[in-house]
Amino acid sequence: MSASIPVICLMGPTGAGKTAASLALAGEFPVTVINADSRQVYRDFPIITARPSPAEEAVCPHRLFGFLPTEETLGAGEYARLARAVVAEEHAEGRLPVLVGGTGLYFRALLDGMAAIPPVPEEVAISWRVRCDAEGPAALHAALAEVDPTTAARLHPNDRQRVCRALEVHEATGKPLSWWHERPVEESPFRALRLCLELPLTELEPRLARRIELMLDAGALDEARAALALCANPKAPGWSGIGCREVYAHLEEGLSLEECKTLWLRNTRAYAKRQLTWFRAAKDLVRLAPDDIAQVRALARSHLQQK
RNA sequence: GCCGGGGUAGCUCAGUUGGUAGAGCAGUGGACUGAAAAUCCACGUGUGGGCGGUUCAAUCCCGUCCCCCGGCA
């Protein structure tokens with residue numbers, strides 16, 4: 001299949017105004033907004049994950065938002081599989097897929113493809129994590145060096161998450177992770193315009209602070225209480241989102257609301273900074289100021305004219 | 001007012017039997033191939049509350065003053 005489906009991507013750090021930009025596009029094109037954010041997939045935290053509001057969602061179709069229970073996790077490969085299908089469907093319906101989100105890895109997985117590694121059984125993954133807790137990451141890194149020296153050389157011994165992943169893949173597939181990575185990835189069927197809405201951290205920070213107040217006004221605490229009734233395990237993936245865990249600490253562990261807000265802002269800010277680092281290194285991005293809606297529209301228009 | 005405990009990095013604190021000090025968090029930069037709002041890496045000069053004194057040498061000992069926290073009045 002040739003790279004023929006045109007899509008528009010709105011990426012950028014949290015709080016930069018991606019949602020607003022997506023709705024601005026919906027005023028001009030038959031847009032379907034497709035989520036590319038690893039937190040907005042969660043069902044029980046619409047406010048805290050800054051999902052588009054019901055009024056915003058009513059502007060045009062929105063997909064891949066708010067479907068995942070708190071106990072579950074959506075890996076990048078699974079995301080790419082889902083999103084690919086949704087993009088194809090929407091395009092077939094004559095709509096313009098607009099991917100909106102802040103998860104750089106999701107965009108990469110979807111747009112640039114990932115190695116065709118089969119899913120790793122959960123028992124295998126868990127057993128390595130248990131072993132990592134027991135023996136420490138250095139021991140596992142040494143074990144990895146035996147079976148996959150290429151990957152071991154690339155990974156820092158303290159990076160337990162990636163070391164475990166490499167070991168899991170090796171055990172589950174019988175091939176080293178590096179073997180999978182060396183194989184060519186499937187070509188993307190999409191012709192993507194990658195727009196990155198960016199603001200310097202110093203300008204982003206007050207917006208993030210304001211957004212936390214708005215979330216609280218909108219009922220963030222009640223939202224968390226309701227989520228707690230459905231899933232009381234603070235270690236569940238959905239609870240690890242920024243805001244979720246701070247509010248949990250306030251509700252369940254005696255953290256004052258002031259402390260909660262301070263931490264929430266600090267962690268959000270640190271996250272935005274990591275996102276900026278990611279997008280700074282990304283190739284083929286057009287960087288824009290978030291309020292430059294006219295430019296977003298103009299670039300979208302010319303992207304759609306190219307055949 | 002008295003008795004204790006404290007004043008060390010932006011924050012919380014450690015340590016130095018006297019040789020001018022280091023962790024966590026924060027911050028800055030970076031990485032990132034199925035947990036990614038995750039995970040990880042690098043970066044540490046601060047009038048050691050002020051002023052005196054003892055000493056070759058004081059953040060550490062002594063005196064004094066200031067401030068905070070408990071308790072007693």
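Note on naming: letters A, B, ... go to the chains in the order of the sequence lines (proteins, then strands), and numbering restarts at 1 for each one.
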Out of [options], which has the shortest distance to the side chain of [X]?
X: A/Asp159; options: B/A36, B/G34, B/C40; value: B/C40
X: A/Asn267; options: B/G34, B/A38, B/A26; value: B/A26
X: A/Ala270; options: B/G27, B/A26, B/U39; value: B/G27
X: A/Arg266; options: B/G27, B/U39, B/U33; value: B/G27

[X] vs [N]: side-chain N/O to OP1/OP2 distance below 4.0 Å:
X: A/Arg162; N: B/U33; value: yes
X: A/Arg154; N: B/C40; value: no
X: A/Arg274; N: B/U39; value: no
X: A/Thr73; N: B/A36; value: yes
X: A/Lys273; N: B/G27; value: no
X: A/Asn158; N: B/C41; value: yes
X: A/Arg269; N: B/G27; value: yes

Please tell me whether A/Thr14 and A/Arg211 have a donor and an acceptor in their side chains that are separated by less than 3.5 angstrom.
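A/Thr14 vs A/Arg211: donor-acceptor pair found between side chains.
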
A/Arg39 and A/Ser240: side-chain donor and acceptor closer than 3.5 Å?
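Checked: A/Arg39/A/Ser240 side chains pair up, N/O donor to acceptor below 3.5 Å.
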
Measure from [atom1] on [X] to [atom2] on [N] and round the result to the nearest Å.
X: A/Glu78; N: B/A36; atom1: CD; atom2: P; value: 12 Å
X: A/Arg280; N: B/A31; atom1: CZ; atom2: P; value: 9 Å
X: A/Arg160; N: B/U39; atom1: CZ; atom2: P; value: 10 Å
X: A/Phe279; N: B/A31; atom1: CZ; atom2: P; value: 13 Å
X: A/Tyr42; N: B/A35; atom1: OH; atom2: P; value: 11 Å
X: A/Glu246; N: B/C25; atom1: CD; atom2: C1'; value: 14 Å
X: A/Trp278; N: B/U33; atom1: CH2; atom2: P; value: 7 Å
X: A/Leu263; N: B/U12; atom1: CG; atom2: C1'; value: 13 Å

Could you tell me which non-hydrogen atom of [X] sits nearest to which non-hydrogen atom of [Y], and how far apart they are?
X: A/Leu25; Y: A/Ala300; result: CD2-CB, 3.8 Å
X: A/Arg160; Y: A/Asp133; result: NH1-OD1, 3.3 Å
X: A/Arg43; Y: A/Arg51; result: O-NH1, 3.5 Å
X: A/Leu197; Y: A/Gly17; result: CD1-O, 3.7 Å

Please give the distance between the [atom1] atoms of [N] and [M] as a whole number of Å.
N: B/G22; M: B/U16; atom1: P; value: 14 Å
N: B/G49; M: B/U59; atom1: P; value: 9 Å
N: B/U47; M: B/A9; atom1: P; value: 7 Å
N: B/G4; M: B/A42; atom1: C1'; value: 44 Å
N: B/C11; M: B/C56; atom1: C1'; value: 38 Å
N: B/C2; M: B/C43; atom1: P; value: 50 Å
N: B/G27; M: B/G44; atom1: C1'; value: 12 Å
N: B/U64; M: B/U54; atom1: C1'; value: 15 Å

In terms of side-chain geometry, is the basic nitrogen of A/Glu28 or A/Arg301 positioned less than 4.0 Å from the acidic oxygen of its partner?
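So A/Glu28 pairs with A/Arg301 through a salt bridge.
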
Using 4.0 Å as the upper bound for N to carboxylate O, is an ion pair formed by A/Glu213 and A/Arg210?
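Answer for the salt bridge query: no.
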
Under 4.0 Å, counting only non-hydrogen atoms across every strand here, what does [X] touch: a base, just sugar-phosphate, or nothing?
X: A/Asp37; answer: base
X: A/Arg165; answer: base
X: A/Tyr79; answer: nothing
X: A/Ser240; answer: sugar-phosphate
X: A/Arg81; answer: nothing
X: A/His156; answer: sugar-phosphate

My understanding is that a pair needs two contacts under 3.5 Å, Watson-Crick or G-U wobble. By that rule, which nucleotide pairs with [N]?
N: B/A14; answer: none
N: B/G70; answer: B/C3
N: B/G63; answer: B/C51
N: B/A42; answer: B/U28
N: B/U20; answer: none

Apply the syn/anti split at 90° from 0 to B/G27 and say which one it is.
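It is anti.
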
Mapping A/Leu74 and A/Thr277 to their closest nucleotides on RNA chain B, which lands nearer the 5' end?
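Nearest nucleotide further toward 5': that of A/Thr277.
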
Specify the residue among A/Ala115 and A/Arg39 whose closest nucleotide of RNA chain B lies further upstream toward the 5′ end.
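Per heavy-atom nearest nucleotide, the more 5' residue is A/Ala115.
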
Run the side chain to side chain contact (heavy atoms under 4.5 Å, CB included) check on A/Thr32 and A/Glu89 step by step: do they pass?
CA-CA 10 Å; A/Thr32 293; A/Glu89 266 173 55; over 6 Å; no

What pairs of donor and acceptor atoms, side-chain ones from residues 111-130 of chain A against any protein atom, are under 3.5 angstrom apart with sequence neighbours left out?
residue, atom, partner, partner atom, Å
A/Asp112, OD1, A/Arg194, NH2, 2.8
A/Ser127, OG, A/Val124, O, 2.9
A/Trp128, NE1, A/Glu171, OE1, 2.8

With ring pair (Phe, Tyr, Trp, His ring centres under 6.0 Å) as the rule and sequence neighbours excluded, what pairs involving residues 87-122 of chain A come up?
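Residue pairs passing ring pair (Phe, Tyr, Trp, His ring centres under 6.0 Å), neighbours aside: A/Tyr79-A/Tyr106.
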
Among residues 216-235 of chain A, which contact RNA chain B at a heavy-atom distance under 4.0 Å?
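When residues 216-235 of chain A is checked for heavy atoms under 4.0 Å from RNA chain B, there are no hits whatsoever.
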
